[in-house]
Amino acid sequence: SPPPARMEARTHLQLGSVLYHHTRNGDQARGHLEKAIPQFEDVKFEAASLLSELYCQENSVDTAKPLLRKAIQISQQTPYWHCRLLFQLAQLHTLEKDLVSACDLLGVGAEYARVVGSEYTRALFLLSKGMLLLMERKLQEVHPLLTLCGQIVENWQGNPIQKESLRVFFLVLQVTHYLDAGQVKSVKPCLKQLQQCIQTISTLHDDEILPSNPADLFHWLPKEHMCVLVYLVTVMHSMQAGYLEKAQKYTDKALMQLEKLKMLDCSPILSSFQVILLEHIIMCRLVTGHKATALQEISQVCQLCQQSPRLFSNHAAQLHTLLGLYCISVNCMDNAEAQFTTALRLTTHQELWAFIVTNLASVYIREGNRHQELYSLLERINPDHNFPVSSHCLRAAAFYIRGLFSFFQGRYNEAKRFLRETLKMSNAEDLNRLTACSLVLLGHIFYVLGNHRESNNMVVPAMQLASKIPDMSVQLWSSALLRDLNKACGNAMDAHEAAQMHQNFSQQLLQDHIEACSLPEHNLITWTDGPPPVQFQAQNGPTTSLASLL
């Protein structure tokens with residue numbers, strides 16, 4: 001039996017652990033863990049790890065950091081704990097948005113893992129570092145790092161589940177890198193590999209045999225979490241590509257799986273997955289003409305963010321952006337401007353900033369009397385030179401916004417130039433929604449210019465594409481143009497059919513508009529400061545103009 005001193009130390013550790021995990025008695029947990037810290041190696045590192053978690057929970061990060069640094073310093077002869085403590089301190093720096101320090105620590109971990117002969121954990125450290133470099137947009141450093149990771153993953157011969165989970169991590173980084181760059185078509189081979197990989201993992205049984213190298217005793221994510229993550233990146237791809245029914249299908253599957261997991265597991269990453277899934281499906285709903293459902297889902301995101309200050313701080317800008325998009329859909333332009341302005345104030349993410357500015361520019365164009373602010377915005381997202389982000393999709397959208405502005409100003413040749421540029425870019429990467437929007441606007445320009453044949457050549461494919469997405473606004477716009485085109489060309493039956501379609505779309509959108517504006521959650525459009533409001537007061541019917549829908 002172990003000596004009494006070691007038993008006492010382990011008892012303090014176990015009591016501290018139980019109190020930390022299963023009660024709210026932080027003071028007693030801290031007391032026991034602090035007594036275990038100066039003890040034996042197999043006790044003190046676990047105590048240091050738990051105690052630093054407790055400090056972070058109590059917002060004493062500055063107390064946790066030196067404790068972890070000291071433990072890292074003296075744990076070099078204990079590979080498992082040395083690696084685990086390095087991961088823990090790197091995560092702490094990441095939560096504080098100090099990505100440079102986190103990357104440095106992960107680099108140290110990768111080199112240590114190499115020295116102790118653990119290529120598996122070396123890959124985990126390097127992939128984690130790659131993830132942070134992607135977050136920092138340090139793309140020149142990311143590419144060689146991901147190449148090296150790919151080689152390590154392919155060459156490593158070990159536990160099949162561990163190998164496949166490394167491959168999932170690697171492919172998730174590649175897929176998100178492409179999606180951040182707005183390259184929806186180029187990402188398809190990687191995404192297909194990722195989907196095959198997760199199918200392979202789901203058929204493998206967990207191997208009970210522990211690795212011989214203690215530094216290999218890590219895993220990136222549980223299998224079930226990886227499945228949800230693969231659904232999530234598939235939804236992101238479908239959303240960008242404009243396959244909205246597919247996005248809906250995968251969101252439903254992911255949310256169902258999340259609900260099951262959350263009954264057994266309170267891991268914060270599950271709430272993050274849920275919020276990101278909802279953010280994407282909300283955008284789908286707004287496009288497909290389901291504003292009332294979108295509004296209820298925005299309210300659901302608010303509720304999730306109320307439960308976690310960290311979740312709210314990470315997603316506040318996205319929440320206000322979604323509310324801005326909702327406001328556009330119900331023609332509340334003043335509220336849309338306020339929401340987008342709030343979102344701009346809250347974000348440091350370059351791609352999100354560019355997305356918000358593009359949508360705010362569309363608000364100013366529709367208001368028609370905001371030329372000074374509009375010129376200022378368009379200068380900041382000029383796709384012809386010095387575009388602020390590398391996203392192919394956002395640059396194509398910036399050309400579309402320029403085309404829209406030129407159209408409203410009656411500068412039709414200039415509008416056509418911008419829209420052809422959008423079409424060229426959106427066709428290159430299968431950005432279906434931008435293609436549909438550009439075609440219908442070009443069709444409108446040719447109609448105004450009296451070129452009915454060319455207008456028809458644009459509007460018919462726009463309508464077909466919009467029906468496939470399905471995009472209700474573009475269908476409404478296309479059907480109105482087809483009605484007027486056929487009337488002008490003397491095609492009475494086709495004109496009547498198009499008019500009927502236009503009437504149907506108008507009715508659907510009008511009904512949805514009234515339903516959304518009647519919901520108590522509609523009051524969220526006035527929220528621009530602080531945490532999300534807890535309750536909503538019901539109001540007497542819609543308070544917005546319906547003119548733009550008819």
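- The two atoms that bring Ala397 and Leu434 nearest to each other are N-CD1, 3.7 Å, heavy atoms only.
- Side-chain atoms of His320 and Trp527 form no donor-acceptor pair, as typed in the model, at a separation below 3.5 Å.
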request  = Decide yes or no on side chain to side chain contact (heavy atoms under 4.5 Å, CB included) for Val228 and Leu261, but give the supporting numbers first.
outcome  = CA-CA 10 Å; Val228 175; Leu261 288 173; 3.9 Å; yes
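- Heavy-atom contacts from other residues, nucleotides or ligands closer than 6.0 Å to CZ of Arg310 number 12 or fewer.
- In this structure, Lys262 does not pair ionically with Glu259, as no charged nitrogen and carboxylate oxygen lie closer than 4.0 Å.
- Checking Asp180 against His177 by side-chain atom types alone, no donor-acceptor pair falls below 3.5 Å.
- Within 6.0 Å of CD in Glu136 there are more than 12 heavy atoms belonging to other residues, nucleotides or ligands.
- At a cut-off of 3.5 Å, with distance as the only test, a side-chain donor of Ser118 or Asp216 sits close to an acceptor on the other residue.
- Shown here for Ala102 and Thr94, the closest heavy-atom pair between the two residues is CB-OG1, 3.4 Å.
- Side chains of Gln195 and Thr234: a donor-acceptor N/O pair is present below 3.5 angstrom, by distance only.
- Side-chain contact between Leu221 and Ser165 is absent, with no heavy-atom pair separated by less than 4.5 Å.
- A donor-acceptor contact shorter than 3.5 Å links the side chain of Glu429 to the backbone of Lys185.
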message = The test is ring pair (Phe, Tyr, Trp, His ring centres under 6.0 Å); show your working for His219 and His225 and say whether it passes.
response = CA-CA 12 Å; His219 64 182; His225 291 200; 9.1 Å; no
query = Which is it for Leu92 and Cys56 under the side chain to side chain contact (heavy atoms under 4.5 Å, CB included) test, yes or no, and what are the steps along the way?
reply = CA-CA 8 Å; Leu92 209 160; Cys56 290; 3.5 Å; yes
key: Check against side chain to side chain contact (heavy atoms under 4.5 Å, CB included), Val357 and Phe355   = CA-CA 6 Å; Val357 167; Phe355 179 78; over 6 Å; no
request  = Go through Ser271 and Gln307 one step at a time and tell me if the side-chain hydrogen bond (donor to acceptor under 3.5 Å, both in side chains) criterion holds.
outcome  = CA-CA 10 Å; Ser271 294; Gln307 294 160 22; 5.6 Å; no
Would you mind writing out the side-chain donor-acceptor pairs for residues 456-470 within the sub-3.5 Å range, not counting sequence neighbours?
| residue | atom | partner | partner atom | Å |
| --- | --- | --- | --- | --- |
| Ser467 | OG | Met463 | O | 2.7 |
| Ser467 | OG | Gln475 | NE2 | 3.4 |

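- The distance from atom CZ of Arg84 to atom OH of Tyr80, rounded to the nearest 0.5 Å, is 4.0 Å.
- Looking at every heavy atom in both residues, Lys223 comes nearest to Leu204 through NZ-O, 2.9 Å.
- Between Phe446 and Lys416 there is a side-chain heavy-atom pair separated by less than 4.5 Å.
- Note that the CE atom of Met425 and the OG1 atom of Thr435 stand 11.5 Å from one another [nearest 0.5 Å].
- The main-chain N or O of Phe218 is found under 3.5 Å from a side-chain atom of Tyr120 such that the two form a donor-acceptor pair.
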task = Begin from the C-alpha positions of Phe125 and Tyr112 and carry the test ring pair (Phe, Tyr, Trp, His ring centres under 6.0 Å) through to its verdict.
result = CA-CA 10 Å; Phe125 274 115; Tyr112 176 83; 8.3 Å; no
request  = Give the C-alpha distance, both sets of side-chain angles, the deciding distance and a yes or no for salt bridge (Lys or Arg N to Asp or Glu O under 4.0 Å) between Arg137 and Glu351.
outcome  = CA-CA 10 Å; Arg137 299 293 178 266; Glu351 274 76 8; 3.0 Å; yes
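- Counting heavy atoms from C-beta on, the side chains of Tyr400 and Leu441 come closer than 4.5 Å.
- Under the 3.5 Å distance criterion, the side-chain polar atoms of Ser426 are matched with a main-chain donor or acceptor of Leu423.
- At distances below 3.5 Å, at least one donor-acceptor pair connects side-chain atoms of Asn213 with backbone N or O atoms of Val116.
- When only modelled atom types and interatomic distance are considered, Thr288 and His290 share a side-chain donor-acceptor pair under 3.5 Å.
- Taking 4.0 Å as the cut-off between side-chain N and carboxylate O, Arg402 and Glu421 do not count as a salt-bridged pair.
- Between the side chain of Thr347 and the backbone N or O of Ala343 there is no donor-acceptor pair closer than 3.5 Å.
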inquiry  = Pair Lys129, Asp104 - check salt bridge (Lys or Arg N to Asp or Glu O under 4.0 Å), show working.
reply    = CA-CA 8 Å; Lys129 184 177 178 181; Asp104 288 345; over 6 Å; no
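- Taking the side chain as every heavy atom from C-beta outward, His93 and Leu105 approach each other to under 4.5 Å.
- Using a 4.0 Å cut-off between charged side-chain N and carboxylate O, Lys188 and Asp430 make a salt bridge.
- In this structure, the side chains of Gln274 and Leu255 come closer than 4.5 Å at one or more pairs of heavy atoms.
- By the 4.0 Å N-to-carboxylate-O rule, Asp512 lies too far from Arg285 to be salt-bridged with it.
- The CD atom of Glu245 sits 10.5 Å away from atom SG of Cys284, with the distance rounded to the nearest 0.5 Å.
- With Gln339 contributing its side chain and Leu325 its backbone, the two residues share no donor-acceptor pair below 3.5 Å.
- Side-chain contact between Gln240 and Gln183 is absent, with no heavy atoms from C-beta onward closer than 4.5 Å.
- Side-chain contact check for Ser101 and Asp98: at least one donor-acceptor pair (N or O, by modelled atom type) lies under 3.5 Å.
- Ring centers of Phe273 and Tyr231: at least 6.0 Å apart, outside the cut-off.
- Considering CE of Met135 and OG1 of Thr176, their distance stands at 11.0 Å, rounded to 0.5 Å.
- A side-chain donor-acceptor contact under 3.5 Å links His237 to the backbone of Val184.
- Partners of Ser202 under the side-chain contact (heavy atoms from CB on, under 4.5 Å) rule, at least two apart in sequence or in another chain, do not exist in this structure.
- A ring-centre distance under 6.0 Å is not found for Phe418 and Phe405.
- Looking only at side-chain heavy atoms (C-beta outward), Leu277 and Leu258 come within less than 4.5 Å of each other.
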task = Go through Tyr326 and His522 one step at a time and tell me if the ring pair (Phe, Tyr, Trp, His ring centres under 6.0 Å) criterion holds.
result = CA-CA 9 Å; Tyr326 167 75; His522 182 75; 5.7 Å; yes
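- By the 4.5 Å heavy-atom criterion applied to side chains, Val474 and Leu439 are not counted as neighbours.
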